[in-house]
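Below is one structure, written out as structure tokens, with a few remarks after it.
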Number of protein chains: 2
Amino acid sequence: MRRTKEEAEKTRGAILDAAEHLFLENGVAHTSLEQIARAAGVTRGAVYWHFQNKAHLFHEMLSQVRLPQEQMTERLCGCNGQDPMLSLRDLCLEAIVNLARDEQRKRIFNILLHRCEFTEELREAEERHYAFVDQFIQLCEALFARPACRERLRPGITPLQASRAVHGLVIGLFSDWTRDPALFDPLIDAEPMVDALFRGLVKDWD
Amino acid sequence: MRRTKEEAEKTRGAILDAAEHLFLENGVAHTSLEQIARAAGVTRGAVYWHFQNKAHLFHEMLSQVRLPQEQMTERLCGCNGQDPMLSLRDLCLEAIVNLARDEQRKRIFNILLHRCEFTEELREAEERHYAFVDQFIQLCEALFARPACRERLRPGITPLQASRAVHGLVIGLFSDWTRDPALFDPLIDAEPMVDALFRGLVKDWD
DNA sequence: AGCTATACATTCATTTGTGTCTGTAACGGT
DNA sequence: ACCGTTACAGACACAAATGAATGTATAGCT
């Protein structure tokens with residue numbers, strides 16, 4: 001019965017995949033490891049072999065889509081000579097568009113936003129996730145606070161507000177669209193919506 | 001042991017209150033009716049007396065904060081002679097500010113956004129809630145689609161996009177702020193953020 | 001060829017939650 | 001004063017789910 005290494009890796013993937021679909025359908029808390037195992041064509045023994053418990057399985061699932069933070073930092077640093085606020089805009093847009101194009105990403109964000117409750121057992125996964133989010137917001141605020149950008153903000157708009165508004169809009173659109181993809185078409189509508197906010201934040205946007 | 005009617009109503013309230021706090025702390029799925037009962041100083045017998053099951057309890061909890069939809073419709077109809085888009089802006093702002101002022105509302109929205117997974121047993125509550133949300137978005141879109149408003153939208157912005165953006169921003173800010181109230185101060189920051197979006201959507205905003 | 005660690009399957013004990021049923025004391029009307 | 005109903009408490013039966021323990025066949029190395 002013993003499988004080869006590649007086969008083992010395949011079952012590991014199958015478990016992650018099954019978990020993804022079951023979490024989406026039934027919620028994280030309402031999905032048992034037994035169900036996941038059955039859907040993956042194995043028993044709970046295999047699940048406990050590859051993952052410590054449900055929380056770790058959940059965390060591993062999340063890491064599949066969370067882009068490395070260094071990459072994000074780099075893209076927003078403005079070292080590429082581009083207007084950093086334009087880079088931020090592009091990053092936001094890309095995030096929304098990627099969500100629409102990548103089915104797995106769509107499923108996982110749907111789980112994250114609508115199908116899981118961050119309770120004690122998922123606390124660690126929650127903290128890591130929100131640490132990532134907070135870092136993005138911080139980066140955003142620092143970006144708007146640079147003199148070159150700050151003076152382009154409309155009067156009355158602080159870097160704090162700009163950063164929160166940008167993240168709020170993106171997360172809100174994420175949340176609404178994952179709940180009901182018929183609400184709008186990311187490929188068509190995301191750009192004007194994001195640009196609208198930036199136009200309202202920045203004096204000379206277009 | 002039998003209580004008077006007012007006392008019974010008080011225990012009902014105590015159960016709802018205990019559920020609210022426990023749901024917030026442990027998540028809906030991870031809170032048992034036993035825990036709720038104990039926290040309310042009663043037994044599960046009392047809980048089952050007042051509510052059919054956890055789903056109904058959850059639903060009753062939600063109804064405590066959901067404002068009647070007729071009221072919302074009325075406020076946005078523009079019958080009061082005010083600019084309907086300004087009415088919408090005020091409504092959004094008021095929603096965010098109310099969230100900050102009303103601790104119970106804050107708790108319940110926190111549960112709704114971060115501490116519950118809409119699975120089979122809560123399907124009914126989910127549908128009712130999202131029906132409400134969708135109605136708001138529809139109302140919003142219809143508002144932007146009125147000739148008087150539509151022609152004031154910036155070129156390239158459709159009523160669909162405007163409505164989705166507005167709801168997205170509000171829900172995103174709800175979501176972020178309930179997660180971490182230190183992110184911004186609704187009383188100070190909500191207005192410039194909401195206005196920024198409207199400025200980006202509407203030509204002659206200010 | 002033989003040994004060992006791997007990749008699971010199977011079984012077990014324990015816990016936990018749920019729904020229901022029954023008991024019961026006191027309220028509220030007659 | 002009596003009685004039916006109310007507002008619970010307490011007990012029971014049943015169904016999951018978990019984590020750990022054990023079994024086992026084989027892959028991979030020596």
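Just so it is clear, the model here is predicted, and its values are computed rather than measured. Throughout, a chain's letter reflects where its sequence line sits, starting with A, and its residues are numbered from 1.
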Residues 181-191 of chain B vs side-chain hydrogen bond (donor to acceptor under 3.5 Å, both in side chains), sequence neighbours excluded, gives A/Q161-B/D189
So how far is it from B/S163 OG to B/I137 CD1, rounded to the nearest 0.5 Å? 6.5 Å
Does C/dC8 have its OP1 or OP2 closer than 4.0 Å to a side-chain nitrogen or oxygen of A/H50? yes
May I have all residue pairs that pass ring-ring contact (aromatic ring centres under 6.0 Å, His included) and include part of residues 83-123 of chain A, sequence neighbours excluded? A/F109-A/F174, A/F118-A/Y130
Hey, can you pull the donor-acceptor pairs under 3.5 Å for the side chains in residues 16-24 of chain A, sequence neighbours left out?
unit_1, atom_1, unit_2, atom_2, d
A/E20, OE1, A/Q104, NE2, 3.1
A/E20, OE2, A/R107, NE, 2.6
A/E20, OE2, A/R107, NH2, 2.9
A/H21, ND1, A/D17, O, 2.9

Given DNA chain C, 5'-ward residue of the pair B/E6 and B/A29, judged by closest heavy atom: B/A29
Round to the nearest Å and state the distance from B/K5 atom NZ to C/dA26 atom P. 19 Å
If the cut-off is 4.0 Å, is B/T11 near the phosphate of D/dC8, judged by side-chain N/O to OP1 or OP2? yes
For nucleotides 16-19 of chain D, list the nitrogen or oxygen atoms of the protein found under 3.5 Å from its nitrogen or oxygen atoms, one pair per line.
unit_1, atom_1, unit_2, atom_2, d
D/dT18, OP2, A/L33, N, 3.3
D/dG19, OP2, A/Y48, OH, 2.5
D/dG19, N7, A/R44, NH2, 2.5
D/dG19, O6, A/R44, NH2, 2.8

Who pairs with A/R44 by salt bridge (Lys or Arg N to Asp or Glu O under 4.0 Å), at least two apart in sequence or on another chain? none
Rounded off to whole Å, could you give me the CG-to-P distance for the B/L57 and C/dG17 pair? 15 Å
Provide, to the nearest angstrom, the distance between the CD atom belonging to A/E7 and the P atom belonging to D/dA27. 8 Å
Are OP1 or OP2 of C/dA26 and a side-chain N or O of B/T4 less than 4.0 angstrom apart? no
So does A/W49 get a side-chain nitrogen or oxygen closer than 4.0 Å to the phosphate oxygens (OP1/OP2) of C/dA7? yes
Which listed nucleotide (C/dC8, D/dA7, D/dA9) is nearest to the side chain of A/A46? C/dC8
For A/R150, check salt bridge (Lys or Arg N to Asp or Glu O under 4.0 Å) against everything at least two apart and list the hits. none
For the pair made of CD1 in A/I15 and P in C/dA7, what is the distance, rounded to whole Å? 12 Å
